Amino acid sequence: MNTLLKSVAKRASVLVLAMAASFAALLPSTALADGERFVLISHAPDSDSWWNTIKNAINEAGDQLNVEVEYRNPPTGDLADMARIIEQAVASNPQGIITTIADYEVLKGPLEKARKKGIPVVTMNSGTAQESEDLGAILHVGQPEYDAGYGAGKRAKADGVKNFVCVNHYITNPASVERCQGFADALGVELGSQMIDSGQDPTGIEKKVMAYLRANPETEAVLTLGPTSAHPTIRALKKNRQLGNIYFGTFDLSGEIAQGIKDGNIQWGIDQQPFLQGYLPVMVLTLFNRYGVAPSNNINSGPGFVTKENVELVEKLAGEYR
């Protein structure tokens, strides 16, 4: 009996090993196909350092998943230029496109060409889940911007803030206006002139913030929408001798913003986790191309508040992973 059992066990072991070897031989040509090429097109100008984290994310995703990910953007942030870049990307026939929806009306035409060619699209960062769906994208990875602004406004209201100025450095992007609008709605005030079109020139932003605060000395809070507007605003408040004496909140993180939070000059920063916005779309497109699977819902990457209490957890990673 023991001899029989040993014989059966030996034959089973040989069979399992043979099956495993056969399966392994199949993997390279099926489940482990690789080398796909994806193109990520953002609306960001070259001067916007916030996107460095996303560039880092797609590089890491490309290395880990063995895919090629190209980053393209309009150098000056011009949306018509962005639309042309999307058309060029579609013409190059990649296995997938990742894009922001900086302006739905401007970009829907080029992205419709991707849909007609059967190129899968994942949207990220800017735009809404509904716009992403209307474009035929697999899903959207990003932060619900109005909700983030509203949450920030609720926090400011609880801290006693009654009015504010929103320094909008990218007013042509509807998502930036949603941030300011959500903040105003949570405070229960009209947005109106409390949002300034600062442009993206650092010196220009600094001067406009200083001019607004001189003309509106009753302003209790400043809201900036990222490092592009936050860094010059810090300098403006320093020159006005208001840094640390006026309520200051911002979207997004950078080394300078993290230091401002540590010093108590910035009350909080809203982290939309840009690393996820870069990495997850690459992962989704890779899985979709190789196995035909994709998450069934959109993915919210934020918001989360970074304050003096938790800034040490993220400051070393700011600009690279946070």
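Sequence positions, counted from 1, serve as the residue numbers for this chain. Quick caveat, the model's predicted, so the values are computed rather than measured.
- Distance check: Thr228 OG1 to Asp252 CG gives 9.0 Å after rounding to the nearest 0.5 Å.
- By the criterion of side-chain heavy atoms lying less than 4.5 angstrom apart, applied directly or through intervening Ile, Leu, Val, Met, Phe, Trp or Tyr residues, Val314 is grouped together with Ile257 in one hydrophobic cluster.
- Ion pairing between a basic and an acidic side chain is recognised when a charged N comes within 4.0 Å of a carboxylate O; Arg84 and Glu87 show no such pairing.
- Between Val311 and Ala258, the closest heavy-atom pair is CG2-O, 3.8 Å.
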**Asked** Could you go step by step and tell me if Glu309 and Thr307 meet the side chain to side chain donor-acceptor pair (under 3.5 Å) rule?
**Response** CA-CA 5 Å; Glu309 286 69 35; Thr307 65; 3.0 Å; yes
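- The main-chain N or O of Ser229 is found under 3.5 Å from a side-chain atom of Thr233 such that the two form a donor-acceptor pair.
- In this structure, Arg179 satisfies the cation-pi test against Phe251, with its NZ or CZ atom closer than 6.0 Å to the six-membered ring centre and inside 45 degrees of the ring normal.
- Looking at Ile270 and Thr250, their side chains never come closer than 4.5 Å, going by heavy atoms from C-beta outward.
- Within the 4.5 Å cutoff, no side-chain heavy atoms of Asn59 are placed close to those of Tyr71.
- For the atom pair CG (Asn168) and OG (Ser176), the distance works out to 3.5 Å, reported to the nearest 0.5 Å.
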**Message:** Go through it in stages, so that I can follow the logic: the residues are Val189 and Asn163, the test is side chain to side chain contact (heavy atoms under 4.5 Å, CB included), and I'd like the CA-CA distance, side-chain angles, deciding distance and then a yes or no.
**Reply:** CA-CA 7 Å; Val189 300; Asn163 63 74; 5.5 Å; no
**Message:** Set out, in order, the CA-CA distance, both residues' side-chain angles and the distance that settles salt bridge (Lys or Arg N to Asp or Glu O under 4.0 Å) for Arg322 and Glu320, then state yes or no.
**Reply:** CA-CA 6 Å; Arg322 298 297 294 267; Glu320 187 174 6; over 6 Å; no
**Request:** Go through the steps to decide whether Lys108 and Glu131 satisfy the test salt bridge (Lys or Arg N to Asp or Glu O under 4.0 Å), and finish with yes or no.
**Result:** CA-CA 9 Å; Lys108 67 178 181 180; Glu131 289 172 339; over 6 Å; no
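- At a threshold of 4.0 Å, the pair Lys239-Glu206 counts as salt-bridged, since one of the basic side-chain nitrogens sits closer than that to a carboxylate oxygen.
- Without hydrogens or angle criteria, Asp78 side chain to Ala80 main chain gives a donor-acceptor distance under 3.5 Å.
- When all heavy atoms of Ser254 and Pro227 are compared, the closest pair comes out as CB-CG, 3.9 Å.
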**Candidate pair Ile54 and Phe275, rule side chain to side chain contact (heavy atoms under 4.5 Å, CB included), full reasoning** = CA-CA 5 Å; Ile54 287 179; Phe275 189 87; over 6 Å; no
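- The CH2 atom of Trp51 sits 10.0 Å away from the CD1 atom of Ile58 when rounded to the nearest 0.5 Å.
- Within a 6.0 Å sphere centred on NZ of Lys157, other residues, nucleotides and ligands contribute 12 heavy atoms or fewer.
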**Request:** Under the side chain to side chain donor-acceptor pair (under 3.5 Å) rule, what do Tyr321 and Glu60 come out as? Steps first, then yes or no, please.
**Result:** CA-CA 11 Å; Tyr321 294 99; Glu60 288 218 7; 2.4 Å; yes
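- Taking the six-membered ring for Trp and thresholds of 30 and 60 degrees, Tyr247 and Trp268 have ring planes more than 60 degrees apart, a perpendicular arrangement.
- Minimum interatomic distance between Leu79 and Thr172 (heavy atoms only, all atoms of both residues): CD1-O, 4.4 Å.
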Donor-acceptor pairs under 3.5 Å, side chain of residues 296-306 to any protein atom, not counting sequence neighbours: which ones?
unit_1: Asn298; atom_1: OD1; unit_2: His140; atom_2: N; d: 2.8
unit_1: Ser301; atom_1: OG; unit_2: Gln272; atom_2: O; d: 2.7
unit_1: Ser301; atom_1: OG; unit_2: Gln277; atom_2: NE2; d: 3.0

**Message:** side chain to side chain contact (heavy atoms under 4.5 Å, CB included) for Leu237 and Leu213? Distances and angles first, verdict last.
**Reply:** CA-CA 9 Å; Leu237 294 178; Leu213 293 175; 3.4 Å; yes
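- Proximity of Thr100 to Leu40: side-chain heavy atoms (C-beta onward) are nowhere separated by under 4.5 Å.
- By the neighbour-count criterion of 12 heavy atoms within 6.0 Å, atom CD of Glu190 is sparsely surrounded, having that number or fewer from other residues, nucleotides or ligands.
- For the side-chain contact (heavy atoms from CB on, under 4.5 Å) with Thr99, the qualifying choice from Leu111, Val39, Ile85 is Leu111, the only one to do so.
- Between the side chain of Asn173 and the backbone N or O of Ala175, at least one donor-acceptor pair lies under 3.5 Å.
- No chain of hydrophobic side-chain contacts below 4.5 Å, direct or via other Ile, Leu, Val, Met, Phe, Trp or Tyr residues, connects Ile196 to Leu191.
- Side-chain atoms of Lys117 come within 3.5 Å of backbone N or O of Val90 as a donor-acceptor pair.
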**Stepwise ring pair (Phe, Tyr, Trp, His ring centres under 6.0 Å) test for Phe183 and Tyr150** = CA-CA 5 Å; Phe183 195 89; Tyr150 193 87; 9.9 Å; no
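- Between the CG atom of Asp197 and the CE atom of Met195 there is a distance of 8.0 Å, given to the nearest 0.5 Å.
- Of the possible donor and acceptor atoms, one in the side chain of Asp103 sits under 3.5 Å from a partner among the backbone N and O of Val106.
- Each of Met124 and Met82 belongs to its own hydrophobic cluster when Ile, Leu, Val, Met, Phe, Trp and Tyr are linked at side-chain heavy-atom distances under 4.5 angstrom.
- Residues Gln267 and Gly264 share a closest heavy-atom pair of NE2-O, 3.7 Å.
- Taking each heavy atom of Ile261 and Gly269 in turn, the nearest pair found is CD1-N, 3.7 Å.
- Of all heavy-atom pairs between Phe248 and Asn265, the closest is CB-O, 3.5 Å.
- The number of heavy atoms from other shown groups lying within 6.0 Å of OH (Tyr146) is above 12.
- Connection of Ile119 to Ile86 is established within a shared hydrophobic cluster, with ILVMFWY side chains joined at heavy-atom distances below 4.5 Å, either directly or through further cluster members.
- The shortest side-chain heavy-atom distance between Glu315 and Glu312 falls under the 4.5 Å cut-off.
- The side-chain heavy atoms of Val121 and Arg115, taken from C-beta on, include no pair separated by under 4.5 Å.
- Relative orientation of the His43 and Tyr170 rings is tilted, given thresholds of 30° and 60° on the angle between their planes.
- Panel note: side chain Asn52, backbone Ser49; a donor-acceptor pair is recorded below 3.5 Å.
- Open room surrounds NZ on Lys116; 12 or fewer heavy atoms of other groups in view lie less than 6.0 Å from it.
- Separation of atoms CG (Asp271) and CG (Leu276) is listed at 8.5 Å; rounding is to 0.5 Å.
- With rounding to the nearest 0.5 angstrom, the CG atom of Leu187 is 10.0 Å from the NZ atom of Lys162.
- Placement of Val161 and Ile246 in two distinct hydrophobic clusters is found when ILVMFWY residues are connected by side-chain heavy-atom separations under 4.5 Å, directly or transitively.
- Using modelled atom types, one finds no donor on one side chain facing an acceptor on the other under 3.5 Å when comparing Ser42 with Arg72.
- With contacts defined as side-chain heavy-atom distances shorter than 4.5 Å, the pair Gln95/Leu285 does not qualify.
- Counting heavy atoms from C-beta outward, Val209 and Ile205 have side chains that approach closer than 4.5 Å.
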**Request:** Go through the steps to decide whether Trp50 and Leu253 satisfy the test side chain to side chain contact (heavy atoms under 4.5 Å, CB included), and finish with yes or no.
**Result:** CA-CA 8 Å; Trp50 183 83; Leu253 297 176; over 6 Å; no
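- Side-chain contact between Lys238 and Arg235 is absent, with no heavy atoms from C-beta onward closer than 4.5 Å.
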